[in-house]
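The block underneath contains the structure these notes are about, expressed in structure tokens.
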Amino acid sequence: MRLGFAVKALGREGLRSNDARRHQNGPHLRVSLSYISEILDYLNDVGIRMYRMSSDIAPYITHPDLPQFHRQIDEAEAELEAIGTKARMLDIRLSMHPAQFIVLNSPDPALVTKSVADLVAAAQILDRMGMGPDAVLVVHVGGTYGDHASGCDRWVATYERLPDSVRRRLVLENDDVRYSAADVLEIHRRTGVRLVFDNLHFNCNNPERQDMRETLAQFLATWPEDVTPKIHFSSPETNFRTVERRDRKTGKTATTTMPPVWIGHADFVHPFEFIDFVRHTAPPNRDFDVMLEAKAKDVALLRLRQDIARYGPDIAPRFGIAVDAFDPADDTIVAEIGEAAAGE
DNA sequence: CGATGTCAAGGAATC
DNA sequence: GATTCCTTGACATCG
């Protein structure tokens, strides 16, 4: 089982995730791919075998007013093939998670058309890289527009019209406020789309009171036997927040402690929560990969790996982590980050 | 150089 | 119908 992280690598200085220049300055997919190539080298150096690419690596690739950008996938054909070969050589699983603007269940047909065009481009990038079926495009169902059920219906209707290139890559994730695990399971039954389980979203949004272990098993079962499923895992942010608030009776303002915002992602993954999840919620007989969604990104992954070695020696083998990998003196990565921050 | 404004894009709550 | 938040970083411009 692999541990992965999303987009921005923090553990080594100078790594960028995409060419984010404004259109006036001619950003290009080829530049983004050169950045990813450097990230892959870093991932290999630290033994990370799963990575979510930025969804913005091909700048303005479908922008209606900037047609000069629309040819970049063709222009980067050789670079795409090379980066795909490199990822496979290093055994790094890749994925993408298109932004919130991709809405397949919108009541606005024009927006659906634009969204599909973006997904076609993303699928084409992975295809040109030559990636296998485990390189997926993760999306959410979309908006509710006041009516949940019709929102699901529209998603299914759009799915049925998707080109095969997108259908082969598209997977659906339960979200934190709108479409629950039960909702996406129902969409799976109607479409066959593979599902990505998100533990934090499940805990935030489970009005059907489904059992987590059963739900996870159902999600994993949506993947074919020969493709390793993936899930998202994160811990809730527990930042201590205070706000200025006016007292209704006295009219005076005072500093008030606020409850945590549970849908936020914590900087790191809580080790005991993760280990408990793998021990007691995950099926022992079906492996899956874990995309960590922590603000500290790869640094959180490296920290979790140490924590698994130290506190979860029984589950460590499932992740290929040597039990003796834990070294109490080895806080190198975190220390480097601290020094970099202090030096600036 | 540091501070501030801006970026293609949606959804939803609030007023 | 318009405004603001969500959330996100980093580019780009300004002083």
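Per chain, numbering begins at 1; letters A, B, ... match sequence-line order. Heavy-atom basis, side chains included; hydrogens, waters and symmetry copies ignored.
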Handout entry: Which atom of A:D298 lies closest to which atom of A:G11, heavy atoms considered
Key = OD2-N, 2.8 Å
Practice task
Check the angle between the aromatic planes of A:H97 and A:H140 and answer parallel, tilted or perpendicular using the 30° and 60° thresholds.
Solution key: tilted
Handout entry: Phosphate OP1/OP2 of B:dA12: any A:Y145 side-chain N/O under 4.0 Å
Key = no
Completion exercise
Separation of C:dG9 atom P from A:H265 atom NE2, nearest Å, is 12 Å
Practice task
Go ahead and name the base partner of B:dA9; Watson-Crick or wobble counts if both distances stay under 3.5 Å, otherwise write none.
Solution key: none
Problem - Sugar-phosphate, base or nothing in reach of A:D56, heavy atoms under 4.0 Å - result: base
Practice task
Calculate the interatomic distance between A:D19 atom CG and B:dA8 atom C1'; express it in whole Å.
Solution key: 16 Å
Problem - Partner nucleotide of C:dT8 by Watson-Crick or wobble geometry (both distances under 3.5 Å) - result: none
Fill in the blank from the handout: note: A:N205, atom CG; B:dA12, atom P; distance rounded to Å ~ 13 Å
Problem - Nearest-angstrom distance, P atom, B:dA8 to C:dA12 - result: 11 Å
Fill in the blank from the handout: By the Watson-Crick or G-U definition, both distances under 3.5 Å, B:dA3 is matched with C:dT13
Exercise for the section: Look at the side-chain N and O atoms of A:R178 and state whether any lies under 4.0 Å from the OP1 or OP2 oxygen of B:dA12. Expected result: yes
Exercise for the section: For A:S17, report the nucleic acid contact type (base, sugar-phosphate, nothing); a contact means any heavy atom under 4.0 Å. Expected result: nothing
Practice task
Sticking with atom P, work out how far C:dT3 lies from B:dA9, rounded to a whole angstrom.
Solution key: 15 Å
Exercise for the section: May I have the distance from A:D267 (atom CG) to C:dT7 (atom C1'), rounded to whole angstrom? Expected result: 15 Å
Handout entry: Rounded distance (Å) that lies between atom P of C:dA12 and atom NE2 of A:H23
Key = 10 Å
Practice task
Using the P atom as the reference point in each nucleotide, state the distance between B:dA3 and C:dC6 in Å, no decimals.
Solution key: 24 Å
Practice task
Under 4.0 Å between any heavy atoms, over every strand shown, what does A:L111 touch: base, sugar-phosphate, or nothing? Just pick one.
Solution key: sugar-phosphate
Fill in the blank from the handout: With the side chain defined as heavy atoms from C-beta on, A:K8 is closest, among C:dG9, B:dG11, B:dA8, to C:dG9
Exercise for the section: Tell me which nucleotide among B:dG11, B:dA8, C:dC11 gets nearest to the side chain of A:P64. Expected result: B:dA8
Exercise for the section: Check the angle between the aromatic planes of A:F319 and A:F274 and answer parallel, tilted or perpendicular using the 30° and 60° thresholds. Expected result: tilted
Problem - A:T144 vs B:dA12: side-chain N/O to OP1/OP2 distance below 4.0 Å - result: yes
Practice task
Answer yes or no for A:R167 and A:Y159: cation-pi contact, defined as NZ/CZ to six-membered ring centre under 6.0 Å and angle to ring axis within 45°.
Solution key: yes
Practice task
Could you check how far CG of A:L10 sits from P of C:dT8, rounded to whole Å?
Solution key: 13 Å
Practice task
Report the relative orientation of the aromatic rings in A:F202 and A:F197; use parallel for angles under 30°, tilted for 30 to 60°, perpendicular for over 60°.
Solution key: tilted
Exercise for the section: Could you give the distance separating C:dT4 and B:dG5 at their P atoms, to the nearest angstrom? Expected result: 15 Å
Handout entry: A:H232-A:E173 side chain donor-acceptor pair, cut-off 3.5 Å
Key = yes
Problem - A:N25 side chain near C:dC11 phosphate (N/O to OP1/OP2, under 4.0 Å) - result: no
Exercise for the section: Write down the distance separating the P atoms in B:dA13 and C:dT7, rounded off to the nearest Å. Expected result: 14 Å
Problem - Aromatic-base stack, A:F101 on B:dA9, cutoff 5.5 Å, angle under 30 - result: yes
Handout entry: Atom-pair distance (NE2 on A:H148; P on B:dG11), nearest Å
Key = 15 Å
Exercise for the section: Mind telling me whether A:Y60 and A:H23 have parallel, tilted or perpendicular rings, with 30° and 60° as the class edges? Expected result: perpendicular
Handout entry: A:D118, nearest nucleotide to its side chain (from B:dA9, B:dG10, B:dA8)
Key = B:dA9
Problem - hbond_proxy A:R22 side chain to C:dC11 base (donor-acceptor, 3.5 Å cutoff) - result: yes
Practice task
Using the P atom on both, measure B:dA12 against C:dG9 and round to a whole Å.
Solution key: 24 Å
Problem - Nearest-angstrom distance from the residue atom CD of A:Q100 to P of B:dA8 - result: 14 Å
